[in-house]
Amino acid sequence: MPGPLPRKRCPGPLLPPSDWFLGLPTNCCAARILWFMDRTCEERPAEDGRDEEDPDSTEAPARIRDTPEDIVLDAPASGLAFHPARDLLAAGDVDGDVFVFSYSCQEGETKEHWSSGHHLKSCRAVVFSEDGQKLVTVSKDKAIHFLDVELGRLQRRISKAHSAPINSLLLVDENVLATGDDTGGIRLWDQRKEGPLMDMRQHEEYIADMALDPGKKLLLTARYSLKAASPPFPVLNVSLGGYLQPSLLLCSLYSGDGCLGVFNIRRRRFELLSEPQSGDLTSVTLMKCGKKVACGSSEGTIYLFNWDGFGATSDRFALRAESIDCMVPVTESLLCTGSTDGVIRAVNILPNRVVGSVGQHAREPVEKLALSHCGRFLASSGHDQRLKFWDMAQLRALVVDDYRRRKKKGGPLRALSSKAWSTDDFFAGLREEGEDATAQEEEETEDDSD
């Protein structure tokens with residue numbers, strides 16, 4: 001009698017007894033597959049459950065914003081500067097802390113890069129070196145600090161750089177920097193040497209800020225008299241554009257008489273003083289490729305000087321602002337101003353016009369303004385302890401016509417960015433309700449001309 005036929009074995013793992021398959025033979029490939037699937041479900045329940053939820057648990061792509069997110073500090077920032085090439089923003093606050101943030105329009109990607117607490121008192125100014133490798137800071141503690149941008153390490157400290165608290169800082173080139181103090185002293189420093197290269201002083205005026213033209217020919221400072229001003233001292237700002245005469249220093253004097261002064265650096269002497277203005281000059285910037293000098297004032301008026309005529313103003317116009325504490329040029333004709341009413345206004349120079357509101361700090365004074373290396377973002381710091389970013393694309397594309405239709409005095413400013421409020425909303429409740437419809441109608445007329 002012939003023996004049993006040879007049994008074909010299916011490849012794969014050993015199977016349990018055939019009665020597990022309800023009578024199916026163990027050499028059945030279909031049965032083996034069913035058993036393997038069931039065994040897999042028992043061994044990896046979590047994994048299979050995750051697979052079932054995959055369609056619902058897929059992470060949504062990161063949201064892309066028009067501007068980076070706001071940065072909240074523990075104290076108001078009195079110094080603000082953008083990196084010359086990278087997306088980094090440096091800030092120094094009134095507690096003496098220095099921060100460097102990396103910013104991005106991708107939500108959640110604006111983060112603190114590092115922070116430093118080496119200053120003993122308020123950090124008043126910060127600036128990046130031309131190559132972006134160093135961050136230089138000055139403080140009320142009279143010291144100058146040089147920090148490594150990548151790691152935040154203190155590389156060098158110049159203690160007691162001035163006999164009075166330092167308030168302003170300017171890098172002339174990769175080796176030379178200028179500093180100004182609370183008593184009107186200006187010093188030039190070479191980082192390769194120990195002591196100052198030059199020490200200048202004119203009266204007892206507060207050097208609030210300094211700037212240099214791209215050709216490194218003209219140094220500007222803003223200053224005011226400590227005898228005329230009472231604490232808290234206002235924040236002043238100076239910026240410059242264009243290519244101008246060498247060795248002249250331009251300064252606005254906050255001394256009660258509202259004068260613009262010119263100082264010759266090479267000869268180390270004061271050159272001339274403009275006629276007094278009705279308001280104290282608080283900020284100054286050069287526009288129109290250096291042909292015009294615009295000065296902000298404590299009364300909210302911009303005074304214009306011709307470059308070859310500093311003795312008297314050539315024009316003036318009011319912004320309907322409480323004051324103009326800081327200014328930064330955006331183009332040769334457009335600048336942004338910060339005020340104590342918290343509004344950041346965009347102003348066109350020649351024709352002279354307030355074209356709208358770039359942003360605001362919710363009724364908190366605007367402390368500093370800075371423009372990014374690409375010109376896309378404007379950063380502002382305010383007493384609300386926030387660093388805010390504003391999109392400049394709409395402002396840069398704005399064309400201001402010479403012709404202007406009449407607009408109701410006191411009407412609202414139009415918003416020039418998605419985050420900006422119209423001043424109609426910003427000062428809601430301060431005007432009578434009956435004025436709203438008329439103001440809005442005339443604002444639309446103004447939009448056509450701007």
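Computed from heavy atoms alone, side chains included, the values below leave out hydrogens, waters and symmetry copies.
Under the side-chain hydrogen bond (donor to acceptor under 3.5 Å, both in side chains) criterion, W189 pairs with T179, not counting sequence neighbours. Not counting sequence neighbours, the partners of S139 by the side-chain hydrogen bond (donor to acceptor under 3.5 Å, both in side chains) test are D141. For Q191, the side-chain hydrogen bond (donor to acceptor under 3.5 Å, both in side chains) partners are K134, not counting sequence neighbours. Residues satisfying the ring pair (Phe, Tyr, Trp, His ring centres under 6.0 Å) test with F305, not counting sequence neighbours, are none. Applying the salt bridge (charged side-chain N to carboxylate O under 4.0 Å, His left out) test to K142 and every residue at least two apart in sequence or in another chain returns nothing. Legend: residues meeting side-chain hydrogen bond (donor to acceptor under 3.5 Å, both in side chains) with R86, ordered by chain and number and at least two apart, are E150. Shown here are the side-chain contact (heavy atoms from CB on, under 4.5 Å) partners of E112, two or more places apart in sequence or in another chain: F99, F101, S115. D95 meets the salt bridge (charged side-chain N to carboxylate O under 4.0 Å, His left out) test with no other residue; sequence neighbours excluded. For T110, the side-chain contact (heavy atoms from CB on, under 4.5 Å) criterion is met by P68, I71, Y103, not counting sequence neighbours. Partners of S163 by side-chain contact (heavy atoms from CB on, under 4.5 Å), not counting sequence neighbours, listed by chain and number: R201. Under the rule for a side-chain contact (heavy atoms from CB on, under 4.5 Å), the partners of A90 that lie at least two apart in sequence or sit in another chain are V100, V126, F128, L135. Annotation: ring pair (Phe, Tyr, Trp, His ring centres under 6.0 Å) contacts of H119 (sequence neighbours excluded): H145.
A heavy-atom distance below 4.5 Å is found between the side chains of V400 and R353. Side-chain atoms of M287 and P329, non-hydrogen and from C-beta on, do get closer than 4.5 Å to each other. In this structure, L120 and K140 have side chains that are not in contact, with every pair of non-hydrogen atoms separated by 4.5 Å or more. Contact check for V330 versus L378: no side-chain heavy atoms found under the 4.5 Å cut-off. For the pair S104 and K111, the minimum side-chain heavy-atom distance is 4.5 Å or more. Counting only heavy atoms from C-beta outward, the side chains of C295 and I324 never approach each other to under 4.5 Å. Side-chain contact between L304 and R316 is absent, with no heavy atoms from C-beta onward closer than 4.5 Å. Under the 4.5 Å side-chain criterion, counting only non-hydrogen atoms from C-beta, F377 is in contact with C105.
Of the inter-residue distances, the one linking R65 atom CZ with F389 atom CZ reads 10.5 Å to the nearest 0.5 angstrom. Put simply, CG on L369 and SG on C336 are 7.0 Å apart, with the number rounded to the nearest 0.5 Å. Residue L350 holds its CG atom at 7.5 Å from OG of S314, rounded to the nearest 0.5 Å. Note that the CD1 atom of I144 and the OG1 atom of T137 stand 9.0 Å from one another [nearest 0.5 Å]. Taking CG of L147 as the start and OG of S116 as the end, the distance is 5.0 Å to the nearest 0.5 Å. Rounded to the nearest 0.5 angstrom, D341 CG and D325 CG are separated by 9.5 Å.
A donor-acceptor contact shorter than 3.5 Å links the side chain of R414 to the backbone of V355. Using modelled atom types, no side-chain atom of E174 and backbone atom of D131 make a donor-acceptor pair closer than 3.5 Å. Using modelled atom types, one side-chain atom of S339 and one backbone atom of S323 make a donor-acceptor pair closer than 3.5 Å. Side-chain N or O atoms of K419 include none that pairs as donor or acceptor with a backbone N or O of Q360 at under 3.5 Å. Checked by atom type and distance alone, the side chain of T331 pairs as donor or acceptor with a backbone atom of S333 at under 3.5 Å. Within the 3.5 Å criterion, the main-chain N or O of Q394 finds no donor-acceptor partner in the side chain of D391. Checking side-chain atoms of R187 against main-chain N and O of A161 turns up a donor-acceptor pair under 3.5 Å. Between the side chain of D93 and the backbone N or O of D97, at least one donor-acceptor pair lies under 3.5 Å.
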*Give the C-alpha distance, both sets of side-chain angles, the deciding distance and a yes or no for side chain to side chain contact (heavy atoms under 4.5 Å, CB included) between K368 and S380.*
CA-CA 6 Å; K368 288 289 184 181; S380 62; over 6 Å; no
*Apply the test side chain to side chain contact (heavy atoms under 4.5 Å, CB included) to residues E367 and S78: give CA-CA distance (whole Å), side-chain angles for both, the deciding distance (0.1 Å), then the verdict.*
CA-CA 6 Å; E367 191 86 4; S78 52; 4.2 Å; yes
*asked:* For V127 and L170: C-alpha separation, side-chain torsions, deciding distance, then whether side chain to side chain contact (heavy atoms under 4.5 Å, CB included) applies.
replied: CA-CA 7 Å; V127 65; L170 173 70; over 6 Å; no
*asked:* Set out, in order, the CA-CA distance, both residues' side-chain angles and the distance that settles side chain to side chain contact (heavy atoms under 4.5 Å, CB included) for H373 and H83, then state yes or no.
replied: CA-CA 7 Å; H373 62 89; H83 191 277; 5.6 Å; no
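Using modelled atom types, one finds no donor on one side chain facing an acceptor on the other under 3.5 Å when comparing W390 with T67. Side-chain atoms of N306 and K291 form no donor-acceptor pair, as typed in the model, at a separation below 3.5 Å. Remark: the E299 side chain and the S278 side chain contain an N/O donor-acceptor pair separated by less than 3.5 Å.
When all heavy atoms are compared, the tightest approach of Q277 to E275 is NE2-O, 2.8 Å. Considering all non-hydrogen atoms of both residues, V358 and A420 come closest at O-CB, 3.1 Å. Summarising the geometry of A370 relative to F82, their closest heavy-atom pair is O-CE1, 3.4 Å, with the distance given to 0.1 Å. Considering all non-hydrogen atoms of both residues, V136 and F146 come closest at CG2-CD2, 3.7 Å. A91 and L387 make their closest contact through CB-CD1, 3.8 Å (heavy atoms, listed as atom of the first residue, atom of the second, distance). E130 and V172 get closest at one heavy-atom pair: OE2-O, 3.9 Å.
The number of heavy-atom neighbours closer than 6.0 Å to CZ of R156, taken from other residues, nucleotides and ligands shown, is above 12.
Test L413, V343, V347 against L319 for side-chain contact (heavy atoms from CB on, under 4.5 Å) and you get one pass: V347.
At a threshold of 4.0 Å, the pair D190-R192 counts as salt-bridged, since one of the basic side-chain nitrogens sits closer than that to a carboxylate oxygen. Taking 4.0 Å as the cut-off between side-chain N and carboxylate O, R124 and D181 do not count as a salt-bridged pair.
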